[in-house]
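Data first, discussion second: the structure below is written as structure tokens.
Atoms within each ligand, like the ligands themselves, are counted from 1 in listed order.
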Amino acid sequence: MNPRRQFLKTAGSGLIAGMLPVSLVRLSYGATADEGFTFAYISDSHIQQIKGNEFVRNWDRGLIRAVAETNLLEPKPDFVMFGGDLAQLGNKPELDHGAEILAGLNYKTHVVMGEHDYYLDLGKYWSDLYGDHYYSFDHKGVHFIVLNSIITYDDWTFDRWESGERRMSEMAGLDNPNGSPFMVGDKQLKWLKKDLRKVKKDTPVVVFSHSPLQKIYKGWNFWTEDADQVQALLKPFDQVNVIYGHVHQIQYNQIDNIAFTSVMSTAWPWPYPESYAQAESHLPILTVPMNRADPFDERDATGWQFMNMHTGRVDLEFNLYSNENRSLAFNREKGHPEDTTYSDPVNRNRAQSHY
Ligand SMILES: [Fe+2]
Ligand SMILES: [Fe+2]
């Protein structure tokens with residue numbers, strides 16, 4: 001059967017489905033459903049000021065749409081995560097405008113720091129809006145940790161640039177060789193170690209970061225320099241999920257006990273690193289590329305995710321604007337997450353073609 005129709009049937013709400021892509025969300029079923037909960041995740045809106053009250057339309061429309069759709073979710077998520085890069089160049093008008101849109105959410109919202117929010121003033125104004133750069137909280141038996149994974153070496157941050165604006169623009173480019181690898185840093189590693197001390201080993205742990213806490217492609221900073229040290233601290237726990245933004249594409253991976261899942265951007269899709277001619281040939285194989293990247297479609301491969309924690313692992317519904325929605329669920333027998341709607345070649349769409 002056509003996977004989209006199958007999905008609609010599973011979701012069982014065909015009436016609204018025609019109008020609202022959010023109703024395609026598949027909810028938790030089975031014995032554990034009562035104990036489960038859901039949260040929504042929106043990321044990488046990159047609100048960009050043109051001048052005064054004028055902002056790049058594509059970017060703020062993407063966030064406005066995600067907020068509106070999240071407010072319509074049924075059942076309601078327990079909270080919303082925003083995954084970082086709220087702003088493009090981290091200035092006050094951009095952060096204020098982004099924060100104002102996010103404030104329209106009818107749910108408690110937690111926010112992750114992105115490099116575009118940070119490198120102008122090192123997160124000072126962001127802190128006025130959202131408080132600590134890293135923190136943890138507990139919710140219905142799950143321990144959630146938010147890290148600021150986009151800091152870098154002190155000499156790059158403090159000694160190299162004549163202004164915050166210059167520093168920000170050097171870090172903003174995807175493949176700018178003047179950038180510097182992201183990291184969590186010793187101070188946060190120490191904090192994380194202490195934070196985890198009070199958590200039982202069988203408690204599900206979910207870590208939110210902006211950059212991937214794994215090493216995917218250094219040239220584009222799809223990378224966290226001290227990821228290995230973070231992974232080592234998470235290793236003793238039975239169930240760990242790391243969820244990250246920044247890459248503007250679907251990625252998932254499993255390293256030992258840790259499942260890694262990226263979230264989409266509401267602004268624009270980045271290409272997959274292996275499509276880049278100068279990329280090293282030994283990129284880890286972790287992505288099932290989605291069929292997309294229509295350069296003429298401003299919304300292709302952007303969207304947001306609905307996450308289901310009913311098993312203690314995160315199952316996701318990727319809600320893709322202008323593309324077929326996808327589901328990702330943890331397969332307990334196989335011990336890793338699986339792309340339930342896409343992995344089977346039979347379910348794959350043919351590549352798009354252009355004139
Ligand atoms: Fe981003
Ligand atoms: Fe980013």
Side-chain angles (χ1 to χ4, degrees), residues 41-49 55-56 58-63 65-66 81-91 94-95 97-99 101-102 111-123 126 130 133-134 146-152 156-157 167-176 178-185 207-225 227 242-251 260-273 276 287 292-293 298-305 318 320-321:
Y41 203 121
I42 305 169
S43 197
D44 290 84
S45 54
H46 290 266
I47 299 298
Q48 185 168 15
Q49 186 187 33
F55 295 87
V56 175
N58 285 8
W59 310 163
D60 69 356
R61 288 294 129 189
L63 186 59
R65 176 173 172 176
M81 289 301 307
F82 183 80
D85 286 353
L86 180 62
Q88 171 64 10
L89 294 173
N91 58 40
E94 290 178 358
L95 286 167
H97 185 47
I101 299 170
L102 272 189
V111 183
V112 181
M113 177 76 82
E115 83 275 20
H116 289 262
D117 307 319
Y118 183 77
Y119 277 100
L120 178 65
D121 66 355
L122 305 180
W126 187 97
Y130 296 117
H133 295 187
Y134 53 93
V146 176
L147 294 176
N148 175 5
S149 66
I150 52 80
I151 59 178
T152 193
W156 192 95
T157 305
R167 181 176 56 202
M168 178 68 256
S169 71
E170 293 292 354
M171 204 50 124
L174 179 68
D175 56 356
N176 184 351
N178 290 333
S180 188
F182 294 145
M183 60 183 71
V184 165
V207 183
F208 298 113
S209 61
H210 182 67
S211 56
L213 294 175
Q214 55 176 335
K215 295 176 171 178
I216 300 169
Y217 183 44
K218 197 170 186 173
W220 289 356
N221 244 337
F222 289 7
W223 189 271
T224 303
E225 191 82 335
V242 172
I243 298 164
Y244 56 96
H246 182 61
V247 296
H248 298 212
Q249 61 195 237
I250 289 176
Q251 297 178 342
F260 295 85
T261 314
S262 70
V263 293
M264 306 292 295
S265 163
T266 57
W268 70 79
W270 284 128
Y272 287 96
Y276 184 56
T287 307
R292 60 98 161 140
E298 67 181 25
R299 284 274 156 253
D300 197 10
T302 63
W304 57 276
Q305 299 75 32
F318 291 95
L320 306 174
Y321 301 153

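Using modelled atom types, one side-chain atom of W156 and one backbone atom of N178 make a donor-acceptor pair closer than 3.5 Å.
Residues passing the side-chain hydrogen bond (donor to acceptor under 3.5 Å, both in side chains) test with D85, sequence neighbours excluded: H46, H210.
To the nearest 0.5 angstrom, S169 atom OG is 10.0 Å from L120 atom CG.
In this structure, the ring of Y130 has its center no less than 6.0 angstrom from the ring center of F82.
Applying the side-chain contact (heavy atoms from CB on, under 4.5 Å) test between N148 and each of W126, F182, Y118 identifies Y118 as the sole match.
Near the Fe ion (ligand 1), less than 2.8 Å away, sit the protein N, O or S atoms D44 OD2, H46 NE2, D85 OD2, H248 NE2.
At a threshold of 4.5 Å between non-hydrogen side-chain atoms, the residues R167 and L122 count as touching.
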